[in-house]
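These notes are about the structure you will find just below.
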Amino acid sequence: MDRPSLNRARPGEPSLRIIVIGSGYVGLVSGACLAEIGHRVTCVDTDAARIAGLRAGRSPIFELGLEAMIARNVAAGRLSFDGWPAELAEADAALIAVGTPPRADDGQADLSAVLDAARMLAPQLGAQAVVVIKSTVPPGTGDTVEQLLASCRPDLDPVVISNPEFLREGSAIADFLAPDRIVVGCDTASGRAVMAELYQPLTAKGAPLLFMDRRTAELTKYAANAFLATKISFINEMADLCEALGADVTQVARGMGMDRRIGTGFLEAGPGYGGSCFPKDTSALLATARAHSARLRVVEGASVSNALRQAGLIGRVQSALGGDAAGKTVAVLGLTFKPGTDDMRDAPSVRLIDALQAAGAAVRVYDPKGMDQARGRLIGVDFTEDPYACAGGAHAIVLMTHWAEFQDLDLDRLAGVVRQPVFIDLRNALDADAVVRAGFTLHGVGRPPRGPIDAASDRPKPVAWPHPPGRSSDPASDALSCAAG
Ligand code: NAD
């Protein structure tokens, strides 16, 4: 169905009337950024407290620059917040950006919020509006939403578009305003025209706009996230092999990543992927594949590998502690699943802390931005006000999240407050030389542990290591031994 012209404020200026349903991470960032590029946006949410906070100028999430961007666009009259259902007469597009968490039974995406939003939207839809699904949804969801809207509003011929979002928490605004690409799944010319107009200020600056059919767009989002998750699991398994061989995964990753076919991104070995997207999206993709009798063995492997990695974090800490965490105090620096956000959803820190507590350790924690969110998820830990208070009296420090501020840690001061100088850098984030010079034994990921520098000899002290290179099962070591042959 082709449509008449849209509601422009002034000819030549991008100004669509947009309603964003769901004012969470994606909805809020998308809404603020779309207002920033000139559209008139109302963000709505069923969470009344969230809307009240936003109206009072408080962002419910931490994302650098977001609160200021919201304030600027509210003041300019381009951005407002409302409860839901709200009046959306004459909206050119309704963007659905509600959550799609994994279902407990089969791992598939729970679409109830998307379908609820569509049901609530239906009575309000004007003849010109298009419905854009920004939430990450399994292929075919656009068809379901279209059927639902058509059944609620037989008087309309609704246009439902897939426009998956690729922003990353921690750099969400920059990602939205300068995306690598904008993916739009849409089968009608009128829908494509609205989307071209919506993103015109970004495409004018060079952002590629990729039109495709709706199911393909829905799948593209999952394929991208599954590939990134696979890259992470791949390098983490290489890290395990490096530990067994006495090699250094950071150098392996550098040597691999400089090959442009591979690229450097997502080749940082660490505690495994977490957050609100990769675990749930890999799980939903696998469930979709199963439902269509397809096997995605690579993604299955990445997902299993990640689960095993996180289950194995406790073993890393125990081995650095000499085998047992019982009765020990462990300081955890960084709780959020990545730096730059306060998001604690599926953060690997929670799994490690639970396991430490189960093993009888006392846990002290500090995070620059995630403490409020963490309080709701962690029970029985000591929340501390800075890294030094956190490390006070600890038998080991674990760096979980590589916040930039940890680069500036005063390592001598840290070494002065711990009970035992053991540093477990699960992100290989700190300068290893500086850590050992401060007197710590350093356990990184995928690289040999390093003893503190012995002041007398100015050489590292030896470290007991669970996987020393050249152990007797190592064929190379057998071949070289005097007894062989
Ligand atoms: P979120 O939980 O931060 O926000 C969802 C919001 O929707 C909440 O504020 C909730 O109250 C609201 N909501 C729920 N049901 C509603 C309804 N019927 N009507 C109106 N509001 C409703 O979720 P998020 O992280 O923004 O993710 C949203 C979607 O975007 C998910 O599908 C996610 O996979 C996808 N996504 C997320 C990211 C990310 O980094 N967080 C990145 C890309 C894509």
Side-chain angles (χ1 to χ4, degrees), residues 19-33 42-54 58-63 66 81-86 88 94-103 107-124 131-138 141-142 145 148 162-176 179-183 217-218 220-226 228-229 273-285 336-347 373 376:
I19 181 150
V20 180
I21 303 162
S23 303
Y25 229 107
V26 165
L28 204 49
V29 172
S30 304
C33 288
T42 302
C43 290
V44 304
D45 205 289
T46 41
D47 182 340
R50 178 162 284 216
I51 292 299
L54 282 162
R58 288 190 307 277
S59 170
I61 55 169
F62 170 76
E63 185 69 34
L66 182 59
F81 300 99
D82 210 339
W84 179 241
L88 58 114
L95 273 55
I96 297 180
V98 299
T100 48
R103 286 198 308 227
Q108 185 54 283
D110 178 351
L111 294 176
S112 54
V114 172
L115 300 179
D116 280 353
R119 257 183 231 107
M120 290 160 88
L121 179 63
Q124 311 263 5
V131 176
V132 180
I133 303 179
K134 262 215 159 305
S135 302
T136 303
V137 293
T141 303
V145 169
L148 191 152
S162 164
N163 173 215
E165 183 49 57
F166 294 90
L167 63 77
R168 294 163 298 173
E169 296 187 12
S171 54
I173 290 178
D175 289 347
F176 192 95
D180 292 340
R181 77 309 203 184
I182 300 162
V183 169
E218 291 167 334
T220 301
K221 169 67 188 178
Y222 281 109
N225 273 4
L228 293 172
Y273 58 78
S276 68
C277 291
F278 287 178
K280 86 169 173 62
D281 291 349
T282 45
S283 146
L285 180 62
T336 53
F337 82 98
K338 67 189 289 196
T341 176
D342 59 351
D343 201 337
M344 286 291 299
R345 287 179 283 186
D346 242 322
Q373 296 290 332

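All figures in this text were calculated on a predicted structure; none of them were measured in a lab. Remember, it's 1-based here, ligands and their atoms both numbered in the order they're listed.
- Residue nearest to atom 35 (C) of ligand 1, selected from T136, I96, N225, T341: T136 (by heavy-atom distance).
- Side chain of E63 to backbone of G170: a donor-acceptor contact under 3.5 angstrom is found.
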Practice item. Could you check D343 against T336 for side chain to side chain contact (heavy atoms under 4.5 Å, CB included), going step by step and ending with a plain yes or no? Key: CA-CA 6 Å; D343 201 337; T336 53; 5.9 Å; no
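- Applying the salt bridge (Lys or Arg N to Asp or Glu O under 4.0 Å) test to D45 and every residue at least two apart in sequence or in another chain returns nothing.
- Across all non-hydrogen atoms, the minimal contact from F166 to A224 is CE2-CB, 3.9 Å.
- Listed by number with element, the atoms of ligand 1 under 4.0 Å from a non-hydrogen atom of A97 are 28 (C).
- Without hydrogens or angle criteria, T100 side chain to V137 main chain gives no donor-acceptor distance under 3.5 Å.
- Those atoms of ligand 1 with a heavy atom of E165 less than 4.0 angstrom away are 43 (C), 44 (C).
- Of all the listed residues (L115, V20, T46), T46 holds the heavy atom that lies closest to atom 17 (C) of ligand 1.
- Of all the heavy atoms of K221, the ones lying under 4.0 Å from any atom of ligand 1 belong exclusively to the side chain.
- Below 4.0 Å from some heavy atom of I21 lie the following atoms of ligand 1, by number and element: 19 (N), 20 (C).
- Under the salt bridge (Lys or Arg N to Asp or Glu O under 4.0 Å) criterion, K338 pairs with no residue at all, not counting sequence neighbours.
- In this structure, OG in S276 is found 8.0 Å from CG in D281, a value given to the nearest 0.5 Å.
- Short contacts between ligand 1 and T100, defined as distances under 4.0 Å to a heavy atom of the residue, involve ligand atoms 31 (C), 32 (O), 34 (O).
- If you check which protein heavy atom lies closest to atom 5 (C) of ligand 1, you get G99 N, 3.7 Å.
- Atom 10 (C) of ligand 1 has D45 OD1, 3.4 Å as its closest protein atom, hydrogens excluded (heavy atom only).
- In the displayed structure, R103 atom CZ is contacted under 6.0 Å by more than 12 heavy atoms of other residues, nucleotides or ligands.
- With respect to atom 1 (P) of ligand 1, the closest heavy atom belonging to the protein is R345 NH1, 3.7 Å.
- What sits closest to atom 19 (N) of ligand 1 on the protein, heavy atoms only, is W84 CD1, 3.0 Å.
- In this model, a donor atom of one side chain and an acceptor atom of the other lie less than 3.5 Å apart for D175 and S171.
- For atom 41 (N) of ligand 1, the closest non-hydrogen atom of the protein is E169 OE2, 2.8 Å.
- Scanning the protein for heavy atoms near atom 42 (C) of ligand 1, the closest one is L167 O, 3.5 Å.
- Of all atoms in ligand 1, listed by their number and element, those nearer than 4.0 Å to a heavy atom of A113 are 15 (N), 18 (N).
- The structure places CD1 of I182 at 7.5 Å from CZ of F176, a figure rounded to the nearest 0.5 Å.
- For K134, no nitrogen or oxygen atom sits less than 3.5 Å from a nitrogen or oxygen atom of ligand 1, counting backbone and side chain alike.
- Protein heavy atom in closest approach to atom 3 (O) of ligand 1: Y25 N, 3.1 Å.
- Residue-level proximity to ligand 1 for C277 is carried by the side chain, the only part with a heavy atom below 4.0 angstrom.
- Here is the list of ligand 1 atoms found below 4.0 Å of a heavy atom in A117: 18 (N).
- Between the S30 side chain and the G27 main chain, no donor and acceptor come within less than 3.5 Å of each other.
- With a heavy-atom cut-off of 4.0 Å, R119 does not touch ligand 1 at all.
- The nearest non-hydrogen atom to atom 29 (C) of ligand 1, considering only V98, V26, D116, comes from V98.
- Among all protein heavy atoms, the one lying closest to atom 33 (C) of ligand 1 is K280 NZ, 3.8 Å.
- K221 and T136 make their closest contact through CE-OG1, 3.4 Å (heavy atoms, listed as atom of the first residue, atom of the second, distance).
- Taking both residues in full, the closest heavy atoms of A284 and A109 are given as CB-N, 3.8 Å, listed atom of the first, atom of the second, then distance.
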